[in-house]
Q: 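Just dropping this structure here.
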Amino acid sequence: MEVDIPDDALRALCEQQRLAVKALGAPCARLRSRLSDLSAALHVRELVVGRPHPLTGNRLGQFAVSLHGGIRLVFEPNHDPVPRRADGSINWALVARIRIIYIGDYHD
């Protein structure tokens with residue numbers, strides 16, 4: 001997939017291991033692994049590690065993969081228009097471009 005990280009702080013977190021460990025703790029060193037998984041997949045539905053799942057509620061339209069504990073990497077489709085099913089929901093099997101929008105524990 002194509003992975004876009006438009007936020008400079010998030011991009012630094014993804015690119016600098018020392019910064020990721022400082023911000024997220026040592027167990028979140030798997031951030032790089034999840035980023036590799038995202039880049040290697042052809043579309044979102046190919047993701048198998050990190051308990052990939054679409055989000056609901058105020059995060060409807062977003063998707064998450066687990067890093068450690070409650071810490072998640074959250075992204076949304078980076079398509080215009082977003083691929084949709086007949087019922088209006090996002091067709092994640094057709095989402096091949098994503099935008100990372102959050103890394104952290106959104107349960108707080």
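We number each residue from 1, following the sequence as shown. Computed from a predicted model, the values in this text were never measured in an experiment.
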Q: To the nearest 0.5 Å, what is the distance between CD on Q17 and CZ on R32?
A: 5.0 Å
Q: Going by salt bridge (Lys or Arg N to Asp or Glu O under 4.0 Å), name the pairs with one or both residues in residues 77-93, residues two or more places apart or in two chains.
A: none
Q: Any chance you could measure L13, atom CG, to I5, atom CD1, to the nearest 0.5 Å?
A: 9.0 Å
Q: Just verifying a value: how many Å separate I103 CD1 and L31 CG, rounded to the nearest 0.5 Å?
A: 5.0 Å
Q: Could you list all the salt bridge (Lys or Arg N to Asp or Glu O under 4.0 Å) pairs where at least one residue sits in residues 1-26, not counting sequence neighbours?
A: D8-R11
Q: Return each pair, listed once, that meets salt bridge (Lys or Arg N to Asp or Glu O under 4.0 Å) where at least one residue sits in residues 38-55; pairs must be two or more places apart or across chains.
A: none
Q: Show the nearest heavy-atom pair for residues G61 and P77, with the distance to one decimal.
A: O-CD, 3.4 Å
Q: So which atom in Y106 and which in A64 form the shortest heavy-atom distance, rounded to 0.1 Å?
A: OH-CB, 4.1 Å
Q: Check whether L55 and L73 end up in the same hydrophobic cluster, where Ile, Leu, Val, Met, Phe, Trp and Tyr are linked by side-chain heavy atoms less than 4.5 Å apart.
A: no
Q: Take L35 and I100 through the test side-chain contact (heavy atoms from CB on, under 4.5 Å) and record every step on the way to the result.
A: CA-CA 10 Å; L35 291 168; I100 295 174; 3.5 Å; yes
Q: Using every non-hydrogen atom in the two residues, find where R34 and L67 come nearest and quote the distance to one decimal.
A: CG-CD2, 3.3 Å
Q: What pairs meet the ring-ring contact (aromatic ring centres under 6.0 Å, His included) rule with one or both residues in residues 11-38, with sequence neighbours excluded?
A: none
Q: Find the distance between OG (S39) and CD1 (I98) and round it off to the nearest 0.5 Å.
A: 7.5 Å
Q: What distance separates I71 CD1 from Y102 OH, expressed to the nearest 0.5 Å?
A: 8.5 Å
Q: With salt bridge (Lys or Arg N to Asp or Glu O under 4.0 Å) as the rule and sequence neighbours excluded, what pairs involving residues 64-78 come up?
A: E76-R99
Q: Kindly determine whether F75 and V3 satisfy side-chain contact (heavy atoms from CB on, under 4.5 Å), including the steps that lead there.
A: CA-CA 9 Å; F75 57 87; V3 178; over 6 Å; no
Q: Is the backbone of V95 close enough, under 3.5 Å, to the side chain of H79 for a donor and an acceptor to pair up by distance?
A: no
Q: Mind checking what makes side-chain hydrogen bond (donor to acceptor under 3.5 Å, both in side chains) contact with R59, not counting sequence neighbours?
A: Q62
Q: Under 4.5 Å side-chain heavy-atom separation, chaining through any Ile, Leu, Val, Met, Phe, Trp or Tyr, what else clusters with V48? Say none if it is isolated.
A: V49
Q: What residues, two or more places apart in sequence or in another chain, satisfy side chain to side chain contact (heavy atoms under 4.5 Å, CB included) together with P52?
A: L47, F63, V65
